Amino acid sequence: MTFKPVLDRAARAGVVSQLITGGSLKESKQALNLAKTYIPKIFIPLEDVIPTRSSEFDKHRGGHEGYLKDLDQFIQTSQCGLDYDRLHFASKEVQKKAFRSQLQLAKKHSLPLFLHSRNTAGDFSAILKEEGFGVDGGLAVGGRGGVVHSHTGSWEEAEELGHASRVHVNTLPSALRDLYFPPSRQPERFEAGKTVKGRNEPCTTGGVAWVIAQLKGVELQEVVDAAFENTVRVFGMGLTTPDTSTGAST
């Protein structure tokens with residue numbers, strides 16, 4: 001697979017850097033190698049273990065503690081959380097144990113959190129609070145804040161986590177729509193130069209920024225500036241805020 005078309009579309013849409021993640025210890029190492037293959041400021045690796053791969057902790061040759069020790073050697077951020085929609089991959093108890101272990105690493109190394117939450121019936125928020133992340137992103141216990149994705153809980157829990165819904169995409173001006181949502185094809189009808197329908201690409205990020213701008217009644221550039229600066233601050237990226245005046249965004 002070549003990443004050049006994806007990177008080219010992202011660049012045209014104003015994306016200046018990307019955070020690339022893995023879903024397990026093995027995939028995190030692959031993400032690190034991929035980041036080294038490209039210019040570092042294009043791909044910045046985030047090493048992590050998603051909830052559905054939590055069972056790998058106990059299957060590791062060194063057991064749960066051995067897996068955690070290996071992860072501890074090179075981890076730069078922590079994608080963790082709970083996913084109760086996919087319990088066939090890992091039970092609730094296995095996921096909660098892994099979640100708490102990764103939060104301990106986050107506190108130990110002052111890591112930003114890339115949080116995953118699906119249908120957790122309050123367990124997700126409860127564990128974050130119990131581990132000291134309920135206020136100011138856990139700064140008092142060594143945390144560094146973070147971002148939540150894959151949220152499927154209640155509206156009340158969403159408001160508590162600062163989650164925003166996605167709407168108003170159809171109000172995008174045509175020039176921006178072409179940049180953020182270029183023509184796509186079904187996977188079985190793949191065509192070079194086209195995106196794959198149903199696959200999210202970095203170039204669509206500007207569409208999300210547009211939606212937030214419409215919801216909040218502010219200019220697109222204001223959203224881009226705030227989101228970019230927050231990302232740089234939380235994830236420790238040494239970058240400067242880009243300009244969307246030409247129709248591109250981050």
Side-chain angles (χ1 to χ4, degrees), residues 3-21 35 38-46 77 79 81 112-118 136-137 144-153 155-185 193-250:
F3 289 93
K4 189 177 186 307
V6 175
L7 293 176
D8 289 345
R9 284 190 287 269
R12 287 194 293 271
V15 176
V16 299
S17 186
Q18 299 176 40
L19 300 171
I20 181 170
T21 69
Y38 292 89
I39 301 172
K41 286 190 176 182
I42 291 181
F43 278 157
I44 298 174
L46 304 182
T77 191
Q79 178 178 204
L113 295 173
F114 189 26
L115 295 163
H116 181 110
S117 174
R118 278 202 181 113
D136 292 332
R144 197 166 128 192
V147 60
V148 182
H149 73 113
S150 298
H151 180 80
T152 55
W155 174 250
E156 290 74 18
E157 188 177 9
E159 287 186 314
E160 180 181 351
L161 296 170
H163 182 75
S165 60
R166 183 183 180 190
V167 292
H168 301 311
V169 171
N170 289 335
T171 64
L172 267 169
S174 59
L176 292 180
R177 178 180 290 276
D178 291 342
L179 286 173
Y180 302 152
F181 302 104
S184 63
R185 294 289 183 270
K194 309 289 185 182
T195 63
V196 176
K197 193 173 184 62
R199 179 185 296 168
N200 192 20
E201 286 196 10
C203 62
T204 65
T205 305
V208 178
W210 174 265
V211 166
I212 295 173
Q214 300 308 299
L215 286 169
K216 299 181 74 67
V218 299
E219 294 298 321
L220 176 61
Q221 186 66 49
E222 184 177 342
V223 175
V224 170
D225 290 348
F228 195 90
E229 289 166 9
N230 285 339
T231 302
V232 170
R233 175 173 52 82
V234 172
F235 292 99
M237 302 158 62
L239 301 169
T240 56
T241 306
D243 185 2
T244 61
S245 62
T246 59
S249 75
T250 60

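Because the structure is a prediction, the values reported are computed rather than measured.
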Problem - Atom pair CD (Q214) and CG (L172), whose distance is rounded to the nearest 0.5 Å - result: 8.0 Å

Problem - K194, NZ atom: more than 12 neighbouring heavy atoms under 6.0 Å - result: yes

Exercise for the section: Sequence neighbours left out, what passes side chain to side chain donor-acceptor pair (under 3.5 Å) with R185? Give chain and number order. Expected result: E191

Exercise for the section: Please name the residue in the list D225, T231, N230, V232 that meets the side-chain contact (heavy atoms from CB on, under 4.5 Å) test with F228. Expected result: V232

Completion exercise
For A13 and L179, the nearest pair of non-hydrogen atoms, with its separation, is CB-O, 3.8 Å

Handout entry: Student check: side-chain heavy atoms of R177 and N170 closer than 4.5 Å
Key = yes

Practice task
Please report the shortest heavy-atom distance between L220 and G206, naming the atom on each side.
Solution key: CD1-O, 4.4 Å

Handout entry: Which residues share a salt bridge (Lys or Arg N to Asp or Glu O under 4.0 Å) with D8, sequence neighbours left out
Key = K4

Exercise for the section: Would you check if the side chain of R144 reaches a backbone N or O of G137 as a donor-acceptor pair within less than 3.5 Å? Expected result: no

Problem - Note, V15 side chain near C203 side chain (heavy atom, < 4.5 Å) - result: no

Handout entry: Beyond-backbone contact of T204 with T195, side-chain heavy atoms, under 4.5 angstrom
Key = no

